[in-house]
Amino acid sequence: MTEDKKNNIRVRFAPSPTGYIHIGNVRTALFNWLFARKNKGVFVLRIEDTDAVRSRDEYVDAIVEGLSRFGLEWDEGPDMGGSLGPYKQSQRTAIYEKHLKSLQERDLVYECFCQPDELEEMKKRKLEKGEQPIYSGKCSDLSEKEKRALRGEGKQPAIRFRVKQEEIVVKDLIRGDVTFNTSTIGDFIIFKSDGLPSFHFAVAADDGEMKISHVIRGEDHLTNTPKHIMILNALGFVPPLYAHLPMIVGDDHQPLSKRHGHVSIKEYLEEGYLPASLMNYLALLGWSSGDDQEIFTPAELIKKFDLLNVNKSSAVFDTKKLNWMGMQHMKNIPDTKLAQLVIPYLKSEEIMDCKKHVTEEKFDHLKKVVNVLRPYLSKLKDILKYADIFLCNDVKYSDEVTDLLKKDESQKIMKSILKYLPVDGVNKDSFNTVLSKVKEETGVKGKSLFLPIRAAVTGRLKGPELVDVFPLLSFGTLKERFEKALKI
RNA sequence: GACCCCAUCGUCUAGGGGACUAGGACACAGGGUUUUCAUCCCUGCAACACGGGUUCGAUUCCCGUUGGGGUCGCCA
C-alpha cells in the first residue's frame with residue numbers, strides 16, 4: 001500500500017442543486033480541496049438532491065461547470081463515478097432504505113402522522129409558553145391500529161428519529177470540543193412523507209457510507225452536527241472529524257445575498273476574474289498562512305494550507321481587495337495567454353469583429369496592447385475600458401474632452417504635434433523628442449501639455465501612460481485623431 | 001425565547017503571558033515617478049468591545065456583560 005492511501009483521508013463537498021453555486025459554498029469547496037490535496041487524500045463531490053421539488057439537473061451541470069472553471073477537480077463524483085457511489089443522493093435510495101429498516105427493527109425511529117399545519121400550531125403554542133419549540137413526541141407511541149386508522153384517512157407518515165437524552169461532543173478541528181445536550185433537540189424527521197430521506201439522514205448515512213474522514217463545512221451546520229452524530233452512531237459508523245468554517249458575510253455583516261452584488265461564482269468568472277486570483281482571495285477569507293505573504297499560486301496554497309490556521313470569526317467579503325488581488329495575478333500571466341483570454345470580451349463588445357479570424361498580425365498587436373493595459377486590469381472585462389484606443393479606428397469624446405480640446409491652447413498643441421510626428425511611427429525615444437519639440441514651440445509644459453494630447457488620442461482624461469500608448473498607434477491613426485481634434 | 005459559535009485598525013489578518021511604543025495587506029490621505037492615474041514607490045492615518053479575576057506581568061488564560069452570527073423546517 002502506498003503512503004498516499006494509508007492515511008485514508010476523504011473529504012467531500014456536498015452542494016444541493018437548487019441554484020447557481022454561491023461564493024460562500026465555493027470557499028467551502030476550496031477548503032475541502034486544499035485539505036485533500038495537501039494531505040494526499042480524496043476529494044468527493046456529492047450532490048444532495050433530496051429536495052424533489054427544488055432540485056434541478058441543470059443546476060448539477062452548473063455546479064460541475066462552475067467548480068471546474070474555478071479550478072477544482074474532484075476524485076469521485078457524479079460525472080466520473082468512484083467505488084463508493086453513486087454520488088447523487090437521488091440515486092442512493094436503496095442504501096437509505098436499508099439503513100432505515102435497520103433502525104426500524106431496533107425501534108429507534110417511529111412514524112409520525114402530524115401534518116405541517118398541526119406542527120406549526122404546536123410550535124407556536126410552545127413558544128408562547130416559553131418552552132423549547134421542539135416536537136412533542138405525539139406520535140411516538142402510536143399503536144398499529146391507530147396507524148392504520150391514520151393511513152385510512154389518507155395520511156402518509158414521515159419517520160422520526162427517537163432522540164435519547166445524552167451529551168454529544170462535536171470534535172471540531174477549528175473550534176475545539178463543542179458539547180450539546182440533546183434535551184434541546186426534539187425527535188426529528190429522517191424520512192419525509194414523500195419517501196425521501198431528509199437532509200440530516202442522507203448526510204449522516206452518506207458520510208458514513210462514503211468513509212468520509214473529515215467534514216469541512218460552513219459554521220451554519222455546527223448545531224446540526226449532534227443530529228448527524230446521533231444517526232451515524234445509530235447506524236454503526238464512527239463519526240468523522242469536523243471542521244466548521246467561519247461564514248462569509250457582506251459589508252453590513254449580514255449573510256451574503258444579491259444585495260451585496262455578485263454572489264454566484266459564475267458571475268465572477270464571467271467578469272473575467274482569473275480563477276487563481278479568486279482562489280487566492282477566497283483562501284485568505286478565513287485562513288492565513290501565518291506569515292506576511294498575500295499572493296499565492298494554487299500550488300502554494302496547497303503547500304501551506306492547514307486547518308489549524310483557519311479563523312473562527314466570520315469574514316467580510318471585500319471586492320476592493322479582490323480587485324487588487326486580481327491585478328497581482330494579472331502580472332504573472334504570459335501575454336500570449338492573456339491576449340487569448342481577452343478576445344471573447346473584445347468580440348462581445350464588437351471591438352473586434354467576431355466573424356473574422358484573428359490574424360497573426362492582429363494577434364501580435366493585441367499582445368502588445370495587453371502588455372500596456374495589464375497593470376490596470378483586475379479582471380479580463382476591464383480590458384474594455386481602454387481597448388478601443390488601440391483597436392478601433394475612432395475614439396469617442398466625452399463632453400469634458402471636447403471642452404478641453406476646444407481651448408486655444410489645445411488647438412495650438414495639436415497643430416504643433418502634427419508637424420513633428422514622424423511618418424514611420426513613434427517609439428519611446430522619439431515620443432519624448434516630439435514632445436520636447438512641441439513643448440519648445442508652444443511654450444506649454446507639464447499637465448497642460450499632456451492632457452490635451454491624451455484627450456485627442458484616447459478620448460479620455462486618464463489612462464495608461466502616453467509614452468506607452470503612442471508606439472502602438474500608427475502614424476495614420478495619430479494623424480487622424482489630431483486632425484479630428486482640430487476640427488472640433 | 002432556548003441552545004451553540006464568535007469578538008485585534010473601516011476590511012482581511014499576524015499575535016498563542018513579557019520579544020508589542022500591537023506587525024502585514026486592502027481601503028483611505030499626502031507625496032514621488034520632470035503629464036492624468038486604476039499601475040509602481042514612499043510616508044501617514046487607524047485596532048486589542050467592556051468589567052472582573054489568575055499572575056510579578058495580560059491582546060494573549062478564566063468568568064461575566066455587551067454586541068454580532070448560527071440553529072431550533074416533511075429546505076439543504
Q: Just name whichever nucleotide pairs with B/rC48, Watson-Crick or G-U, keeping both distances under 3.5 Å, else none.
A: none
Q. Does A/Thr50 put a side-chain nitrogen or oxygen below 4.0 Å from OP1 or OP2 of B/rA76?
A. yes
Q. Given B/rC72, is OP1 or OP2 found less than 4.0 Å from the side-chain N or O atoms of A/Lys123?
A. no
Q. For A/Lys439, does the NZ atom have more than 12 heavy-atom neighbours from other residues, nucleotides or ligands under 6.0 Å away?
A. no
Q. Base, sugar-phosphate, or nothing: which does A/Gly218 touch, judged by heavy atoms less than 4.0 Å apart?
A. nothing
Q) Between A/Gln132 and B/rG1, is there a side-chain N or O to OP1/OP2 distance below 4.0 Å? A) no
**Q.** Close side-chain approach of A/Val249 and A/Phe317, heavy atoms under 4.5 Å
**A.** no
Q | Span that lies between the P atom of B/rG10 and that of B/rC45, in whole angstrom | A | 14 Å
Q: Record whether the side chain of A/Lys312 comes under 3.5 Å of the base of B/rA7 through a donor-acceptor pair of N or O atoms.
A: no
Q.
Is the phosphate of B/rA2 approached by A/Asn181 (side-chain N or O, under 4.0 Å from OP1 or OP2)?
A. no
Q: Sorted by first residue and then second, give each side-chain hydrogen bond (donor to acceptor under 3.5 Å, both in side chains) pair with at least one member in residues 277-290 of chain A; sequence neighbours left out.
A: A/Asn280-A/His329, A/Ser289-A/Asp291
Q) Using a cut-off of less than 4.0 Å, is there contact between a side-chain N or O of A/Lys126 and OP1 or OP2 of B/rC72? A) no
Q. Which nucleotide in the list B/rC4, B/rG69, B/rG1 gets nearest to the side chain of A/Pro133?
A. B/rG1
Q) Within less than 4.0 Å of OP1 or OP2 of B/rC40, is there a side-chain N or O belonging to A/Gln328? A) yes
Q) Is A/Ser288 near enough to B/rA14 that one of its side-chain N or O atoms lies under 4.0 angstrom from OP1 or OP2? A) yes
Q.
Please give the distance between the P atoms of B/rC63 and B/rU54 as a whole number of Å.
A. 15 Å
